[in-house]
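Order of the sequence lines sets the chain letters (A, B, ...), proteins ahead of strands, with each chain counted from 1. Everything numeric here is computed off the predicted structure, so don't read it as measured data. Computed from heavy atoms alone, side chains included, the values below leave out hydrogens, waters and symmetry copies.
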Amino acid sequence: MTKRITISQAAAFTGQRVEIPGWLYNLRKSGKIVFPILRDGTGMMQCVAMKNNLPEEKFEALKHLTQESSLIVTGVIREEARAASGFEMDVEDVQIIQKVSEEDPYPITPKEHGVDFLMDRRHLWLRSQRQHAIIRVRHEIIKATRDYFDNNGFTLVDTPIFTPAACEGTTTLFECNYFDDEKAYLTQSGQLYNEANAMAFGKVYCFGPTFRAEKSKTRRHLTEFWMVEPEMAWADLEDVKRVAEEFVIYVVGRVLDKKREELKVLERDTSKLELVQGPFVRMSYTDAVKNLQEHGSNIEWGSDFGGGDETILTQQFDRPMLVDRFPTAIKAFYMQPDPERPEVAMGVDVLAPEGYGEIIGGGQRIHDPELLLRRIKEHDLPQEAFDWYIDLRKYGTVPHGGFGMGIERCVAWICGLEHVRETIAFPRMLYRLRP
RNA sequence: UCCUCAGUAGCUCAACGGCAGAGCAUUCGGCUGUUAACCGAAGGGUUGUAGGUUCGAAUCCUACCUGAGGAGCCA
């Protein structure tokens, strides 16, 4: 019986007769010789079928096979410089599992297509080479993320997706019915629960999908995105910044190490990624505002960065930036104020270079119970909803902090993509819920 | 929610007030080393929807629908 292998294993079977199941990616023909390009999810392989080497009807069937038809090819693997992968199969037999109908051919041809057309066929678009590369880089980023935290003393403690209240604002929550009369909301962040977990385990992280009903229609927004959030007890802003920097360097390094081929498919300029080394550029919000004003922005101290501001800042440097100490007034209620300058909060954002902007947001949390209570009142938040959160400051409170990194923005940056919609298999966006 | 742009063949686009067009895809034919192969031929259209202006509208005007880019907000 012929051994069945995958395309990724082909090199190891040079000179041997094997069978490979897959889909027809493309077919070129030249009289009595045809070149089917087979894909199987692990790679692509050019096959060569000569009229004389297989039965007449099999050759004719193969010659007229349509794109994305499923088939099993049998033949001998051979080294071949003329093939893109360096290997080729001389086809001796072919078994067609399903021929895609000529009346309704596979819609995604090797030529160009528009975004709308491709997004409507996302379930098929995922078969394309470029999409494979992106999803594989995403996989590596997620693996590297888990490895980083697992290897540095963090315990994975995942936080709930149904939540009873907002973590930040209430305007951007997806609401759903929770049995009889109660409402539940899809989580925007695991942070508050993470703080409880950090008081229990010391260093923790959670990693899962988060949901924001923001009506944002930009290249950087999804309504459902994945976020990794580490949280550390006994940590201040400087600790948070150090971990964020080390983590980003580790993740980029891993992708460069393991996913060169994929970055090449994406035509990513890896020299830009090689520059992602410590120390990152460090700048306070106040200095950033000065810098922006000098570069023509009309930002004023006290307001958040506008659309072009992050670009103006990051374009000046070839590595990520840490911007810290934002105005307390524009930050979340739990953010620790700077003891020397209470008008600024001990928060930090990591801005990716090349115009990719914010990929990480975090900081030190308030650990003083009196202050936290005051902040909850100032923000008009219902105190009873935060009773358990306030408990964390009643029973052995300690300085603590952490951050969140959006996986899709990180993937978009590392892959050099224009839009986050390609960084997840089935993106959820304003106005796009299907497929 | 607001601003800007775009909807023409299955796809990507052209025609911009006067005959509805090309490349790719599909079908048929040719080619024993192709690399988004190439060469020849065929089929394929309610120009997003509704109304208006005009002798005449894909083209100009109005409304609506759909999508894209951006703003605000954010990871």
Side-chain angles (χ1 to χ4, degrees), chain A residues 25-37 44-53 59 63-64 66-68 78 80-85 88 90 100-121 124 128-130 167-169 171-172 188-191 209-229 244 303-311 330-332 347-352 356-362 403-413 418-421 423 429-432:
Chain A
Y25 189 76
N26 198 7
L27 183 81
R28 287 184 283 267
K29 49 192 167 186
S30 176
K32 297 182 181 63
I33 181 168
V34 300
F35 301 94
I37 312 287
M44 304 249 237
M45 170 165 246
Q46 172 163 292
C47 305
V48 190
M50 308 267 203
K51 194 178 170 73
N52 299 335
N53 290 358
F59 180 81
K63 193 173 167 182
H64 291 98
T66 41
Q67 198 190 350
E68 285 302 314
R78 175 170 46 75
E80 173 57 68
R82 286 171 291 188
S85 67
E88 216 172 61
D90 287 317
V100 172
S101 157
E102 292 103 348
E103 282 78 50
D104 188 12
Y106 185 70
I108 302 176
T109 63
K111 282 274 185 172
E112 287 165 34
H113 300 285
V115 168
D116 186 35
F117 180 82
L118 290 169
M119 287 303 293
D120 283 343
R121 288 156 190 80
L124 303 176
S128 305
Q129 215 177 358
R130 176 183 160 83
C167 175
E168 289 165 26
T171 53
T172 58
Q188 289 188 309
S189 161
Q191 192 208 304
T210 51
F211 308 87
R212 297 199 185 170
E214 291 159 5
K215 297 216 166 178
S216 302
K217 203 175 150 351
T218 79
R219 64 186 63 193
R220 304 171 49 208
H221 285 85
L222 299 171
T223 54
E224 175 181 318
F225 66 96
W226 284 65
M227 187 156 67
V228 59
E229 295 176 274
S303 60
D304 222 330
F305 294 149
D309 290 337
E310 287 183 357
T311 310
I330 59 168
K331 284 290 169 182
V348 61
D349 282 356
V350 177
L351 308 183
Y356 281 91
E358 185 180 354
I359 53 168
I360 283 179
F403 62 85
M405 184 183 79
I407 291 294
E408 287 76 15
R409 284 191 184 174
C410 182
V411 175
W413 165 47
E418 277 184 21
H419 199 295
V420 291
R421 67 184 154 226
T423 63
M429 295 179 289
L430 179 66
Y431 307 138
R432 208 178 266 283

Minimum heavy-atom separation for A/Glu358 to A/Gly361, with atom names? OE2-CA, 3.9 Å

Write down the protein N/O and nucleotide N/O pairs, taken from nucleotides 11-13 of chain B, whose separation is under 3.5 Å; answer none if there are no such pairs.
unit_1, atom_1, unit_2, atom_2, d
B/C11, O2', A/Glu112, O, 3.0
B/C11, O2', A/His113, ND1, 2.6
B/U12, OP1, A/Gly114, N, 2.8

Does this structure show an ion pair linking A/Asp304 with A/Lys331, if we count only N-O contacts that are shorter than 4.0 Å? no

Pair partner, B/G17 [Watson-Crick or wobble, under 3.5 Å]: none

With both distances under 3.5 angstrom, what nucleotide forms a Watson-Crick or G-U wobble pair with B/G67? B/C5

So which protein N/O to nucleotides 30-34 of chain B N/O distances come out below 3.5 Å?
unit_1, atom_1, unit_2, atom_2, d
B/C31, N3, A/Gly31, N, 3.1
B/C31, N4, A/Gly31, N, 3.4
B/U32, OP2, A/Lys32, N, 3.3
B/U32, O4, A/Asn52, ND2, 2.8
B/G33, O2', A/Arg82, NH1, 3.1
B/G33, N1, A/Glu88, OE1, 3.0
B/G33, N2, A/Gln46, NE2, 3.4
B/G33, N2, A/Glu88, OE1, 3.3
B/G33, N2, A/Glu88, OE2, 2.3
B/U34, O2, A/Arg28, NE, 2.8
B/U34, N3, A/Gln46, OE1, 3.1
B/U34, N3, A/Gln46, NE2, 2.7
B/U34, O4, A/Gln46, NE2, 2.7

From CG of A/Asp349 across to C1' of B/A75 the rounded distance in Å is 9 Å

Measure the distance from CD on A/Glu103 to P on B/A25 and round it to the nearest whole Å. 17 Å

Of all the nucleotides listed (B/A25, B/G70, B/A75), which has the minimum atom distance to the side chain of A/Pro105? B/A25

Base B/C73 paired with A/Ser216 side chain (donor-acceptor, <3.5 Å): yes

Is it the case that more than 12 heavy atoms not belonging to A/Lys215 sit under 6.0 Å from its NZ atom? no

OP1 or OP2 of B/G69 sitting under 4.0 Å from any side-chain N/O of A/Arg220? no

Integer-rounded Å distance: B/G72 P and A/His221 NE2: 10 Å

Under a 3.5 Å cut-off for both contacts, is B/C60 paired Watson-Crick or G-U wobble with anything, and if yes, with which nucleotide? B/G52

Mind checking if A/Asp304 touches a base, just sugar-phosphate, or nothing, with heavy atoms under 4.0 Å? sugar-phosphate

Can you find a heavy atom in the side chain of A/Ile33 that is under 4.5 Å from one in the side chain of A/Met50? yes

Check the distance between B/C74's P and A/Phe225's CZ and give it to me in whole angstrom. 12 Å

Rounded to whole Å, NE2 of A/His419 lies from P of B/A68 at a distance of 8 Å

Rounded to the nearest 0.5 angstrom, the CD1-CE distance for A/Ile360 and A/Met405 is 6.0 Å

For B/G40, which nucleotide is its Watson-Crick or G-U wobble mate, given both distances must be under 3.5 Å? B/C28

Go ahead and name the base partner of B/U34; Watson-Crick or wobble counts if both distances stay under 3.5 Å, otherwise write none. none

Side chain of A/Asn26 only, please: which of B/U26, B/C74, B/A36 is the nearest? B/A36

Rounded to whole Å, CG of A/Leu430 lies from C1' of B/A68 at a distance of 13 Å

